[in-house]
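Taking it in order: structure first as structure tokens, then the write-up.
Each ligand, and each atom within it, is numbered from 1 in the order the structure gives.
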Amino acid sequence: MADLRVSVTEAFRHRFGAPPAHVVRAPGRVNLIGEHTDYNDGFVMPLAIEQAVWLAVGPRDDDRVVLHSTRAPEPADFRLGAMERGDGWGEYAKGVAWALQAQGHELRGLEGVLASDVPEGAGLSSSAALELAVARALSEGAGLDWDPAVMARTAQRAENEWVGVRCGVMDQMASACGVAGHAVLLDCRSLAVTPTPLPAWTTVLVLDTGTRRGLVDSAYNARRETCERVARVLSVPALRDATLDGLQAAEDVLTPTQVRRARHVVTENARVLAAAEAMRQGDAARVGALMAASHASLRDDYEVSSPALNAFVEAAQAQPGCYGARMTGAGFGGCVVALVASDRAEAVAEAATLAYRQRTGHAPTAYRVRAVGGASLEPVPALFL
Ligand code: ADP
Ligand code: MG
């Protein structure tokens with residue numbers, strides 16, 4: 001939100017006694033379709049959303065990076081010339097600095113204040129938003145060129161190799177390469193970005209189940225390993241290259257679980273491409289049907305949904321004006337994404353929330369999201385110039 005731009009600027013001035021040199025913004029994202037396909041070199045269709053990390057920064061004379069987050073009591077505080085592993089949220093910032101330096105970039109120290117309205121662990125990628133905000137600020141401070149896809153890879157490397165989370169590249173690509181008013185079809189192998197307009201008169205709703213699951217990391221790694229194993233059996237570089245025929249031919253040498261996991265990935269990639277085509281034709285009903293099929297596949301074949309996610313999806317899809325809904329993000333909790341008729345958005349959100357609350361007893365929230373551009377340098381509020 002624009003008010004975070006002002007509040008981080010004020011917080012910066014309060015803390016450091018001068019206005020910031022730069023304000024950067026890096027958005028969270030919601031994935032419309034294409035789940036658990038990114039680490040299989042496949043296709044995804046996220047949109048960058050207004051909810052974002054905002055970071056006000058200024059240069060320092062030494063090689064320290066000191067960042068304060070409104071969400072954490074301790075700042076991220078480290079020296080660019082002496083990077084050591086630690087724990088806590090600062091590792092995301094440190095990881096980005098480490099990855100940039102590992103690519104040979106010379107960075108400069110900086111200090112700043114950040115605030116975010118991307119909920120954590122909800123499947124909207126608060127971590128990628130944080131990484132891209134830090135990357136944008138460090139790049140600006142050091143006068144580096146900003147190539148969004150390259151920076152997305154750098155941020156992914158930070159999360160993989162410094163933080164130790166084996167995420168795919170979708171979150172970072174979405175935060176770096178978002179396009180206002182569009183979802184982006186991403187090829188997670190080539191990193192090609194194809195802006196894809198949302199069908200006219202449709203709105204994207206995020207329905208937060210109010211549940212979060214710790215299970216996600218171990219299950220995520222297990223799914224990844226299964227995918228890699230099946231790809232080896234099929235003699236393809238990644239499941240993106242597998243076909244349903246190929247999978248069927250190998251059924252004797254795979255377990256039924258491996259077949260179902262791989263079937264999700266193969267069919268999900270096809271659904272993403274079909275959804276992109278339907279969006280180009282403005283066919284909201286078709287996009288919604290593909291989202292519903294995606295959810296069924298994640299629930300039954302990939303087994304990463306949860307009773308709460310299933311209940312909210314069902315509650316949304318029962319509403320007139322809802323084209324389709326599915327779990328979004330890694331799963332086991334977090335959010336549902338729904339494509340709805342714009343003139344029914346409020347009614348769908350209200351009725352689905354009520355039905356879900358009555359059925360589960362959880363405390364849901366629902367909001368519409370707007371597709372915005374990727375990580376950017378923003379004007380410092382004029383008040384402080
Ligand atoms: P998500 O799905 O939201 O990306 P992750 O577990 O990948 O969930 O990342 C969440 C982590 O990112 C938090 O535990 C915290 O370390 C870090 N983080 C995200 N936003 C902020 C913030 N505004 N301030 C400090 N740390 C943050
Ligand atoms: Mg994350």
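Of all atoms in ligand 1, listed by their number and element, those nearer than 4.0 Å to a heavy atom of Leu114 are 23 (N), 24 (N). Interface atoms of ligand 1 facing Ser116, defined by a heavy-atom separation under 4.0 Å, are 23 (N).
Distances from ligand 1 to the non-hydrogen atoms of Val53 include no value under 4.0 Å.
Looking at Glu120, His68, Glu91, Arg29, it is Glu120 that brings a heavy atom closest to atom 14 (O) of ligand 1. Proximity annotation for atom 22 (C) of ligand 1: of Ala93, Ser69, Cys335, Ser69 comes nearest, heavy atoms only. Of the candidates Gly329, Ser125, Gly121, Gly121 brings a heavy atom nearest to atom 8 (O) of ligand 1.
By the criterion of a heavy-atom distance under 4.0 Å, the backbone of Pro119, and not its side chain, is placed next to ligand 1.
Residue Ser126 places at least one N or O, backbone or side chain, under 3.5 Å from an N or O of ligand 1.
Looking from atom 9 (O) of ligand 1 to the surrounding protein, the closest heavy atom is Ser127 CB, 3.3 Å. Looking at atom 26 (N) of ligand 1, its nearest protein heavy atom turns out to be Trp89 CB, 3.3 Å. The shortest contact between atom 17 (C) of ligand 1 and any protein heavy atom is with Tyr92 CE1, 3.8 Å.
The residue from Arg15, Arg60, Arg64 that alone fulfils the salt bridge (Lys or Arg N to Asp or Glu O under 4.0 Å) condition with Glu111 is Arg60.
Side-chain atoms of Asn31 and Thr328 form no donor-acceptor pair, as typed in the model, at a separation below 3.5 Å. Under the 3.5 Å distance criterion, with hydrogens and angles disregarded, a donor-acceptor pair is assigned to the side chains of Ser294 and Arg326. A donor and an acceptor atom, one from each side chain of Thr353 and Arg357, are nowhere located under 3.5 Å apart. In this model, no donor atom of one side chain and acceptor atom of the other lie less than 3.5 Å apart for Gln258 and Arg261.
Note: Tyr220 and His36 have tilted aromatic rings, judged against thresholds of 30 and 60 degrees for the angle between ring planes. Note on ring orientation: taking the six-membered ring where Trp is involved, the planes of Trp162 and Trp98 are tilted (angle from 30° to 60°).
Atom CG in Asp187 sits 11.5 Å away from atom CG in Asp38 (nearest 0.5 Å).
Distance check for Ser125 against the Mg ion (ligand 2): none of its N/O/S atoms falls below 2.8 Å.
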